[in-house]
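Report on one structure; see the data block that follows.
Just so we're clear, the structure is a prediction, and the values are computed from it rather than from any experiment. Proteins come first, then strands; the chains are lettered A, B, ... in the order of their sequence lines, and each starts at number 1.
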Amino acid sequence: MSDIQNKSDNNISHNADNHLIIERKAKLNQIRNIRKNAYPNSFKPTITAYELHQKYDEKTNEELNGIMINVKVAGRVMLKRIMGKSSFITLKDNNYNIQLYVNKDMVDSTIHQEFIELDIGDIIGVSGVLFKTKTNELSIKINSCELISKNLRPLPEKFHGLTNQELCYRQRYVDLIMNKDTQDLFIKRSKIIQSIRNTLLIEDYLEVETPMMHQIPGGATAKPFITHHNTLNIPLYLRVAPELYLKRLIIGGFNRVFEINRNFRNEGLSTRHNPEFTMVEFYESYANYTRMMEITEIIIRNTAALAIGSLEFEYQGTLVDLSKPFDKLTICDAIIKYNPEYSKNQLEDKDFLRNELHRFTNNINKNASIGMLQLKLFEETTESKLWNPTYIIDYPVDISPLARLSDTDCSITERFELFIVGREIANGYSELNDPEEQAMRFKKQVEQKDNGDEEAMHYDADYINALEYGMPHTGGCGIGIDRLVMLIANAASIKDVILFPQMKPEC
RNA sequence: GGGUAGUUAGCUCAGCCGGUAGAGCAGCUGGCUUUUAACCAGUUGGUCACAAGUUCGAAUCUUGUACUACCCA
């Protein structure tokens, strides 16, 4: 800890003080000289700005004068309009504004002086009486004013706010102070997660927590972060997925479980990738992938209904419709539907697929199965066209090491991915519950790892051990919550829906 | 990893056929009795991201580096 502390000490004052900050620090020093504590903690508001508007917006000035409502409110000074005798401040309390008013002749001169000397950004507590101005704005005629926390760093410009995207991400606290849209988005995110949780609880799922630190990373083909446990002196991996632990719980006898939590993948940063991201994974025994598609559909509709109140909405300027049953297509059917120039015969011809793929990429595995070639062509030609919700089903077994084989075709699995606005939102399957088959699949993964595939899975002997106790047939699914929030909140980048996205260090 | 654009005052932005660095807001001083992006007058504030080059002279032209955004792999 102390090492890290010492290193970070170097950047503590990375923004050198300008004259604005020097002036405000001087003000703070004055306050320290006058008061015992410049950061008092005794002010207790009696009402919030939101409640004030709820209760009193409809009242007239005469009605308010008649009942003389005394209130105590706290918040941040956002705007000042100082005039000779009458002065106004716009106070922001938990994202709602309330106007404060003071008249020089009607209060003690020190209160008036303190009021007009407040800086934009200061956090204050006031008490006063409600009234309405000429323009019918609910306001508080203050009779006392206490500085609770001095603002030392000036806020961004009052009209344009903070628009510098980099600063919004790096200093989210400033973004949240200035931009109501940002606050609203993260409120929406919270509602979406609540909605997912509610839907699963109603479906009788149990919410659980499984390890974030794995001795053997598993559950997805992805490159993990690695760390070290000092006492045990072993490497630990931040999990890439909770899947194998959730299925251990199914084996343990919980019929329906889910977990909403972070996964970590050691990949690049992009508008669709943050190294830590949030997933909900849910597993239901005595179910298969058809049931998982049904419940995924319910979950996604419910989130939209709760967060935006509609199943039809715009994403980046184009309408998305969640109201109709989600389309369900195999990889080949989807290619043909969105690219009519291809025929079924062509898609079953390995040489044709290879030639076709060379138009898009030179990176084609020599040993790729026909399923893999079809998938590759799907990714190149079709994925980005799947705007309205579409389940792509029956993925090749090569890339689905934890999914159950199809009963009719042993080259494919009972697996689906859900695409909306051209992006993968969910991934689910009928779980592979045959321990011998699973052991064989793990061995294949290990071979791939030995051949240099950093994303290939490890052999998890304890998971095989668990499966050998017997796991009922089970359906499972994971939904990427960040991408779902992007969709519902109409955000272009994953950084917009993560409060503190990972950024490169500032130089 | 590759391409394109951006980086100028605390914030939002001008300036870019090279010639003393600008505005609005914020700040400071003064005025103003219901304002609301209050207004009016005056005023402080800059290593023009960083580094090298071309030039008598670079925010401006060239190259490189860093970060950010977008597109592609």
Whole-Å gap separating [atom2] ([N]) and [atom1] ([X]):
X	N	atom1	atom2	result
D105(A)	C32(B)	CG	P	12 Å
I21(A)	C11(B)	CD1	P	10 Å
N164(A)	A69(B)	CG	C1'	10 Å
I89(A)	A37(B)	CD1	C1'	16 Å
I494(A)	A69(B)	CD1	C1'	16 Å
H160(A)	A14(B)	NE2	C1'	12 Å
E383(A)	C72(B)	CD	P	12 Å
K92(A)	A37(B)	NZ	C1'	15 Å

On RNA chain B, does the nearest nucleotide to H19(A) precede the nearest nucleotide to L162(A) from the 5' side, or the other way round? Give the residue.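 In this pair, the answer is L162(A).
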Need to verify one output field. Residue with the more 5' nearest nucleotide on RNA chain B, M83(A) or Q502(A)? M83(A)
Please tell me if [X] has a side-chain N or O lying less than 4.0 Å from either OP1 or OP2 of [N].
X	N	answer
S270(A)	C71(B)	no
K158(A)	A38(B)	yes
N18(A)	G10(B)	yes
S86(A)	U35(B)	no
R81(A)	A38(B)	yes
R170(A)	U68(B)	yes
K80(A)	A26(B)	no

Could you work out the separation of [N] and [M] based on their [atom1] atoms and round it to a whole Å?
N	M	atom1	result
A9(B)	G24(B)	P	16 Å
U20(B)	G3(B)	P	36 Å
U43(B)	U7(B)	P	29 Å
U68(B)	U55(B)	C1'	32 Å
C72(B)	C39(B)	P	44 Å
G45(B)	G1(B)	C1'	43 Å
C61(B)	C48(B)	C1'	15 Å
G46(B)	A23(B)	C1'	14 Å

Is any side-chain N of the basic residue among D327(A) and K337(A) closer than 4.0 Å to the acidic one's carboxylate O? yes
Please answer whether the main-chain N or O of A426(A) pairs with a side-chain N or O of R483(A) as donor and acceptor at a distance below 3.5 Å. no
Given [options], the nucleotide with the shortest approach to the side chain of [X]:
X	options	value
Q165(A)	U12(B), G27(B), A69(B)	A69(B)
I82(A)	U12(B), C32(B), A26(B)	C32(B)
T271(A)	U35(B), C11(B), C71(B)	C71(B)
F159(A)	U12(B), A37(B), A73(B)	A37(B)
T163(A)	C13(B), A37(B), G27(B)	C13(B)
L20(A)	C13(B), A26(B), A38(B)	A26(B)

Which part of the nucleic acid does [X] contact within heavy-atom distance under 4.0 Å: base, sugar-phosphate only, or nothing?
X	answer
T133(A)	base
E166(A)	sugar-phosphate
K495(A)	sugar-phosphate
Y169(A)	sugar-phosphate
M178(A)	nothing
G161(A)	sugar-phosphate
F131(A)	base

For residues 73-96 of chain A, which residue pairs qualify under salt bridge (charged side-chain N to carboxylate O under 4.0 Å, His left out), counting only residues two or more places apart or in two chains? K85(A)-D105(A)
Which class fits the ring pair F416(A) and Y391(A): parallel under 30°, tilted 30 to 60°, perpendicular over 60°?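 Answer is perpendicular, since the angle exceeds 60°.
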Describe, in one word, how the ring planes of F264(A) and F225(A) are oriented to each other, choosing from parallel (under 30°), tilted (30 to 60°) and perpendicular (over 60°). perpendicular
In this structure, are over 12 heavy atoms from other groups packed under 6.0 Å from K55(A) atom NZ? no
Name the stems with RNA chain B in them: runs of three or more consecutive Watson-Crick or G-U pairs, distances under 3.5 Å?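 Counting only runs of 3 or more consecutive pairs, the stems involving RNA chain B are B:1-7 with B:66-72, B:10-13 with B:22-25, B:27-31 with B:39-43, B:49-53 with B:61-65.
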Tell me if the aromatic rings of F442(A) and H458(A) count as close, with their centers under 6.0 Å from one another. no
Ring centre gap for Y169(A) and F500(A) strictly below 6.0 Å: no
Establish, from distance only, whether the side-chain atoms of N37(A) and R32(A) form a donor-acceptor pair under 3.5 Å. no
Pairing donors with acceptors under 3.5 angstrom, does anything connect the side chains of T110(A) and D108(A)? yes
When you measure from the centre of the six-membered ring of Y338(A), is the NZ or CZ of K385(A) under 6.0 Å away and within 45° of the axis?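 No, K385(A) and Y338(A) do not form such a contact.
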